[in-house]
J.: 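Dumping the structure here so I can ask a few things about it.
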There are 2 protein chains.
Amino acid sequence: MQKAAIERNNEAIAAQLAPVGRETVQDRVYSELRRALIGGLFEPSQVLTIRGLADALVTSTMPVREALGRLITEKALEALPNRSVRVPPITLDRLDDLLRARILIEGEAIALAAARMGPRQIATIETILGEWDEMRALKHKKDVDREVTLNQSFHFEIYRSCGSAVLIPMIESLWLQSGPCIRVAIYAFSEAGEVDTAQYHRRIVTALATQDAQAAREALVADISRPFTFLRHKLQSAAKDQT
Amino acid sequence: MQKAAIERNNEAIAAQLAPVGRETVQDRVYSELRRALIGGLFEPSQVLTIRGLADALVTSTMPVREALGRLITEKALEALPNRSVRVPPITLDRLDDLLRARILIEGEAIALAAARMGPRQIATIETILGEWDEMRALKHKKDVDREVTLNQSFHFEIYRSCGSAVLIPMIESLWLQSGPCIRVAIYAFSEAGEVDTAQYHRRIVTALATQDAQAAREALVADISRPFTFLRHKLQSAAKDQT
DNA sequence: TTTTTTGATATGTGATCACACTTGCTTTGA
DNA sequence: TCAAAGCAAGTGTGATCACATATCAAAAAA
């Protein structure tokens, strides 16, 4: 019987080919909206319509409405009583609430990751740091989108190492919720260009390289608190101006 | 001008009438599936089909598929590569992962709540405790469903007091994920009937009544850890039997 | 007897339609 | 001149259909 030979052949084929996967339209819409949300491409309080998004994404309404529903359950979007959906507005309370949750959960994740990151993972995040420096070097063109992307890659490369399939989706949800807020902060930082984000990230890397969970947590808290406190002051002064 | 009179009349009407609200079919399906999931009515690894659920709930497929999509993003259900959806299976790792996350987040929530719960809230959870005792008194009929519901009410009445619009949905998601697992534990406890859950809950109440956040957190951890460690042992011994 | 093939049924996905509700502007009446 | 009624366009929701894929059992081949 040539069963074994066939089996070997199939295995050889399988070794060559990568699984093609099957991404649905709904998945693509969902990813695209997530990207836009985390990147802060939508403004807080902005109203989104199903047909409008479907036109923009060149699909029918069906995938869009399901993607919107999913984002609403993640609190990345908000369902108004009118049944229209909007990006949640920023309030001081919400800002504090989000920051506290992020410190709690991302802090735990990085503490777990500190004990589990090998030289390979450390090298990966150092590569991301290098790309960041490279980008900053040619400073004429301040590409905020790229900053956001690199920042995201840096953090999630760490979180992925925490080994918790439960915490990571929660962190993603938190980023989704804070995305529309922190965009303005990152943009302002990029404008000012003074205190470099890279410096905060470097502190995180050194802490992780020495497997110092406590130091890593503190460095992370400092990093993610910055845009929030910045926004906080901005909102407070804006409120004072209005009165 | 009789504008003021009309206004008064309208206000009088508004005072009598309650807002009718508009729950969509999708919302009802979603709530029903949540209830079933938290209550452990579905078994881990059980496959759910859109048309099957639609028939069971006597609706069309449309609201069901959107509700399923939302539950999948919450990790309450799992999308298989075949595109079928099932209740996530229990593994030891997942159990530990879930418990760690619950201790982290629910612990934080109850610590926050400890400082914010007034006599009114304390009275409410004591009422729930009373209903529990009442139920246990007539022990011939062990109503596991009611136990699950009361347990849920007790915990979420506390969490609601933490004042965090961000943490509460996360806790709901965690309950959704652990629901299918802990059902078997609760059932086993009810069978054995030895160590009463009420005793753990009473410890929580006394800690909250004295606004002792640390004690409340510890009592809560003891309470939610119990079914998990129970299940852990059960799974381990089952694995040992198989070898 | 065991394995492969094949065909029928079941299932998820996306498109389209009908309906109800909301919204904003125009028109009407005071 | 201004507020209220009315109308039209826009929008979300649910139902149904078409199509591609998956599943599983029966039939055919080894």
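No experiment lies behind these values; they were computed from the predicted model shown. Proteins come first, then strands; the chains are lettered A, B, ... in the order of their sequence lines, and each starts at number 1.
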J.: Apply side chain to side chain donor-acceptor pair (under 3.5 Å) to A:E78 and list each qualifying residue two or more places apart in sequence or on a separate chain.
T.: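 Result, side chain to side chain donor-acceptor pair (under 3.5 Å) vs A:E78: A:R86.
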J.: In whole angstrom, give the distance that lies between atom CZ of B:R51 and atom P of C:dT9.
T.: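 In whole Å, C:dT9 P lies 15 Å from B:R51 CZ.
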J.: Can you name the side chain to side chain donor-acceptor pair (under 3.5 Å) partners of B:D27, sequence neighbours left out?
T.: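 By the side chain to side chain donor-acceptor pair (under 3.5 Å) rule, B:D27 matches B:T24.
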J.: Take the protein atom CG of A:D55 and the nucleotide atom C1' of C:dA15, then report the distance between them rounded to whole Å.
T.: 14 Å
J.: For A:T73, give me all partners under side chain to side chain donor-acceptor pair (under 3.5 Å), at least two apart in sequence or on another chain.
T.: B:T73
J.: With A:Q177, which residues qualify under side chain to side chain donor-acceptor pair (under 3.5 Å), at least two apart?
T.: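 A:Q177 satisfies side chain to side chain donor-acceptor pair (under 3.5 Å) with A:S173 once adjacent residues are dropped.
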J.: Under a 3.5 Å distance rule, please check whether A:T49 uses its side chain to pair with a backbone N or O of A:G52 as donor and acceptor.
T.: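 Yes; judged by distance alone, with no hydrogens or angles, the pair exists.
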J.: Does anything in residues 30-44 of chain A pair up under side chain to side chain donor-acceptor pair (under 3.5 Å), and if so which pairs, sequence neighbours excluded?
T.: A:Y30-A:R34, A:Y30-A:E74, A:E32-A:R35, A:R34-A:E172
J.: How many whole angstroms separate atom CG of A:D27 from atom P of C:dT13?
T.: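 Atom CG in A:D27 sits about 8 Å away from atom P in C:dT13.
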J.: Below 4.0 angstrom, which residues in residues 75-89 of chain A have at least one non-hydrogen atom near DNA chain C?
T.: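 The stretch gives A:N82 as the residues lying under 4.0 Å from the strand, ordered by number.
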J.: Residues from residues 57-73 of chain A sitting under 4.0 Å of DNA chain C, heavy atoms only?
T.: A:S60, A:T61, A:M62, A:P63
J.: With a 3.5 Å cut-off and sequence neighbours excluded, list the donor-acceptor pairs that the side chains of residues 156-166 of chain B form with protein atoms.
T.:
residue: B:E157; atom: OE1; partner: B:R160; partner atom: NH2; Å: 2.7
residue: B:Y159; atom: OH; partner: B:E106; partner atom: OE1; Å: 2.5
residue: B:S161; atom: OG; partner: B:E157; partner atom: O; Å: 3.4
residue: B:S164; atom: OG; partner: A:D97; partner atom: OD1; Å: 2.5
residue: B:S164; atom: OG; partner: A:D97; partner atom: OD2; Å: 3.2
residue: B:S164; atom: OG; partner: B:V166; partner atom: N; Å: 3.3
residue: B:S164; atom: OG; partner: B:L167; partner atom: N; Å: 3.0

J.: Going by salt bridge (Lys or Arg N to Asp or Glu O under 4.0 Å), name the residues that satisfy it together with B:R51, two or more places apart in sequence or in a different chain.
T.: none
